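Proteins come first, then strands; the chains are lettered A, B, ... in the order of their sequence lines, and each starts at number 1. Remember, it's a predicted structure, so these values are computed and weren't measured experimentally.
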Amino acid sequence: MTGVARYAAERNLPGCLYAWPVPATVPRGRVAAIRTADALALPGVHAVLTHENAPRTREPDDPILAVLQNDRVPHRGWQVALVVADTLEGARAGAEALDITYETAAHDAVLTADHDGLYTPETANGGYPAVRERGDVDRAFAAAPVQVDATYTIGPLHNHPMEPHATTALWSQDGRLTLYDSSQGATKVRDSLATVFGLRPDQVTVVSQHVGGGFGSKGTPRPQAVLAAMAALHTGRPVELAMPRRHMAAVVGHRAPTVQRVRLGASSDGTLTSVAHEISTHTSTVKEFVEQAAVPARVMYGSAHSRTVHRVAALDVPSPSWMRAPGEAPGMYALESAMDELASALGLDPVELRLRNDPAAEPDSGKPFSSRNLAACLRDGAARFGWNDRDPRPAVRREGPLLLGTGVAAATYPVYAAASHASAHAAPDGSYRIAVNATDIGTGARTVLAQIAAHVLETPVENVTVDIGDSDLPDAPLAGGSSGTASWGWSVHKAATALVERLGESSGPLPAAGVTVTADTTDETAEESPHARHAFGAHFAEVAVDSRTGEVRVRRMLGVFAAGHILNSRTGRSQFIGGMTMGLGMALTESSSLDPVFGDFTESDLASYHVPACADVTGLEAYWIDEDDPHLNPMGSKGIGEIGIVGAAAALGNAFHHATGVRLRTLPLAPDRVLSALR
Amino acid sequence: MEPTSRGRSGEGEGRAAGDRSTLTLNINGTDHTLTLDHRTTVLDTLRLHLGLTGAKKGCDHGQCGACTVLVDGRRANSCLLLAVAQDGARITTVEGLAADDRLHPLQEAFLERDALQCGYCTPGQICSGIGVLGEAQDGFPSHATAPTAPVTGPVALDAAEIRERMSGNLCRCGAYPRIVEAIGDVAS
Ligand code: FES
Ligand code: FES
């Protein structure tokens, strides 16, 4: 706003050096030799770290952090050296001056639906079983009078927060490590870095005060934190490492591509009898990460017979990881597109089809929902959007060269909460101070936590200061899984409640030092709920498809969400709209691919990977149904950071079908693909 | 074209020695005389040499607009400007927008509209928005301007104009609707 907030690479520490990472230029093999002499001869270059001279580290909890430990190149873009210099220009010139030779090995970077390397893992991301089966899906599907059998394909997608991953590292004389790191969870970074450098957690401080977005890519520590710490150790100076944008795609995680086959069987009144969702995806040879795209099919619709399966192939590609709503975002694109196809096959309104299959209990677990307001979202959205007088026929609305259509899709996202610590302090002047190592990645965490505390303390919100973003504060989980507010807020609620009790016990003035209490929600959050807990939502969208250029433009998008009690309507709306915008990108603009020869992402910068721009975003509206759900947490909230993206792409794809009569099953709906489909 | 004071500092050529030059940039009203590597961009000069980290680095390649500043009153991607070529330029960054402790009206509007989430794109959005206001005032057309619109006089900034003109400033958090409203508030 005024430019005073300091992000990770903005510390301007005295004596700071700058580091430039060097990515491998081969897709698989080993570093045969690195000639560093020319780089070291450049003015201002202090050091070149390679696997030969970098500090030896302990085995990390995440193998992507084992950088510069050996000569192996597991994928193109893996970092093989780091140049440290007085200036950024000097470090970059040093990186150019390195002479690296590789021994290469045959590689395979391209996922196909029938890839030889596909196997069934034990679990998918989030710890979900890879396979779930109920009844006899094959028989039920074969016997169903109405069937949909369709395969949907989504390429890799990139988080691309506007602030690139960055770390400033420094070591003190007594061997303590301080990192200013752009992360979604400083406690987690502290613990991981302590492991890597063989330190106790209390010897490491990680500060993540201001974070320029993450969308999952900063949820786990990234190699730049380790590299910066190594360089600072090696040089004895503070070192700043801000990832060059073009390097990011290979090392900060991505949404893995998926090939998803959905088979739906229904009776002629639209009642689902079988649901099969089978996905193939890739991981790297460094670690197993399985995008849990078939998991939402275990939650969404009732059917007697069901099969959900994940299969994965370990390819010579960068390691995938979390991107906003991993699993749900791609999975619901496929499932909700298939539901639209089923509605067409049945001649039934797609809202009505979803209402007819809205289950009373979670289909997979049989548990009752703590609250499920999908039907209310669909009905409310339909009324607001003007859905009810829609002409269901495809390809009959024209405005000159433009074909117009509308579409609907549902959304869902699970409720998570993790153990968190917090402290609450009452000062003699009547003010309060809350401390919790939460992170604000753009969600308004400070505001909402102050609100939660103020509510319990029965004091105006201005009276509460909230300290977050520093691992020396009480330990807290990361901002991820849309669980931040629930997890941190729970511990803040508990600490504030205990503080109120404590203050009530004593009369008279507070001691000069004030009163501090702490809280830990390990027990509460560990309890298994007898309920299935999920947020739901519905998206409605209208698109205009230009039959001359193939361009698909959004005219309006309307989302209605049921996500517990919305704690702050301003920041809540921003989260929903932000998610919907990313869903718009997923549907229409964001396209990435792995080059079969080079083994890396072809679209690795913001000129080639098109995140939605201002002119792409028109007519977005978000509403919600405030739920009163006693089975969640003391605030009654569900997460809201991710559900906005879930289903958005399907609504747009379904609107595209309604506009053109053509079903495209591969994202994004980019002009080249659209034009060839319309011909 | 108006003459500008650009390109000369004092009399004669700027002083260059090998790969460095000494030059003067007027930043937020204060002259800074610096000796800089010829490869140094205005963005890195601000962030790394002057500690003015308000201008952000999102891509360093002119693709995101996070580094937008005003150069002689017009918006520019400071990551694409080499400092050595800007000797004598008058540069305004987000830190220089508030006057006498009063926020610039567009900063006020951003706060009022809650036009930011993570805040990383925000300084660039605000500087770019101020650039847009000036360009429209001076009659610069955009892709959204009707071809039949008169070429003299200010362009009215409706939402479509603002969206078009602001499309060089990416916001991954998706704060666009509020950004457009905030600029619209100040334009009207
Ligand atoms: S940093 Fe200059 S345009 Fe992105
Ligand atoms: S507010 Fe986060 S990128 Fe714009």
By a 4.5 Å heavy-atom criterion (distance strictly below it), what part of [X] contacts chain A: side chain, backbone, both, or neither?
{"X": "Leu97(B)", "answer": "neither"}
{"X": "Thr122(B)", "answer": "side chain"}
{"X": "Asp44(B)", "answer": "side chain"}
{"X": "Arg178(B)", "answer": "side chain"}
{"X": "Leu111(B)", "answer": "both"}
{"X": "Leu48(B)", "answer": "both"}

Please look at [X] and chain B and tell me whether the side chain, the backbone, both or neither of the residue comes under 4.5 angstrom of a heavy atom of that chain.
{"X": "Ala5(A)", "result": "backbone"}
{"X": "Tyr609(A)", "result": "side chain"}
{"X": "Leu606(A)", "result": "both"}
{"X": "Asp440(A)", "result": "neither"}
{"X": "Arg573(A)", "result": "side chain"}
{"X": "Pro161(A)", "result": "backbone"}
{"X": "Val211(A)", "result": "backbone"}
{"X": "Asn159(A)", "result": "backbone"}

Against chain A, work out which of [options] has the most heavy-atom pairs shorter than 4.5 Å and name it.
{"options": "Thr40(B), Leu116(B), Asp37(B)", "result": "Thr40(B)"}
{"options": "Gly58(B), Pro177(B), Gly174(B)", "result": "Gly58(B)"}
{"options": "Arg165(B), Gln117(B), Arg172(B)", "result": "Arg172(B)"}

Salt-bridge criterion met for Glu96(A) and Arg39(B) (N-O under 4.0 Å): no
Flag the one option from [options] with the top tally of heavy-atom pairs under 4.5 Å to chain B.
{"options": "Leu584(A), Thr618(A), Leu620(A)", "result": "Thr618(A)"}
{"options": "His210(A), Gln575(A), Arg6(A)", "result": "Arg6(A)"}
{"options": "Val611(A), Thr581(A), Ile441(A)", "result": "Val611(A)"}
{"options": "Gly3(A), Ala615(A), Gly619(A)", "result": "Ala615(A)"}

Main-chain N/O of [Y] paired with [X] side-chain donor or acceptor, under 3.5 Å:
{"X": "Ser208(A)", "Y": "Asp181(A)", "answer": "yes"}
{"X": "Asn26(B)", "Y": "Ile91(B)", "answer": "no"}
{"X": "Glu95(B)", "Y": "Gly54(B)", "answer": "yes"}
{"X": "Ser78(B)", "Y": "Cys67(B)", "answer": "yes"}

May I ask you to check whether Ser128(B) and Arg75(B) show a side-chain donor-acceptor distance below 3.5 Å?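 Their side chains do contain a donor-acceptor pair, which is all the 3.5 Å distance test asks for.
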Using a distance-only test with no angle check, is there a side-chain donor-acceptor pair under 3.5 angstrom linking Gln63(B) and Asn77(B)?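 Not at all, the side chains of Gln63(B) and Asn77(B) share no donor-acceptor pair under 3.5 Å.
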Exceeds 12 heavy-atom contacts within 6.0 angstrom, atom CZ of Arg163(B):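 Yes, enclosed.
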The test is salt bridge (Lys or Arg N to Asp or Glu O under 4.0 Å); show your working for Lys56(B) and Glu10(A) and say whether it passes. CA-CA 9 Å; Lys56(B) 300 302 178 201; Glu10(A) 302 182 340; 3.0 Å; yes
Less than 6.0 angstrom separating the ring centers of His254(A) and Phe601(A), yes or no?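 Between Phe601(A) and His254(A), which both carry aromatic rings, the centre distance is below 6.0 Å.
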Establish, yes or no, whether a centroid distance under 6.0 Å links the rings of Tyr623(A) and Phe561(A). no
Apply side-chain hydrogen bond (donor to acceptor under 3.5 Å, both in side chains) to residues Ser217(A) and His165(A) and explain how you reach the verdict. CA-CA 9 Å; Ser217(A) 69; His165(A) 294 60; 3.3 Å; yes
Least distance between heavy atoms, Leu17(A) atom then Arg237(A) atom: CD2-NH2, 3.2 Å
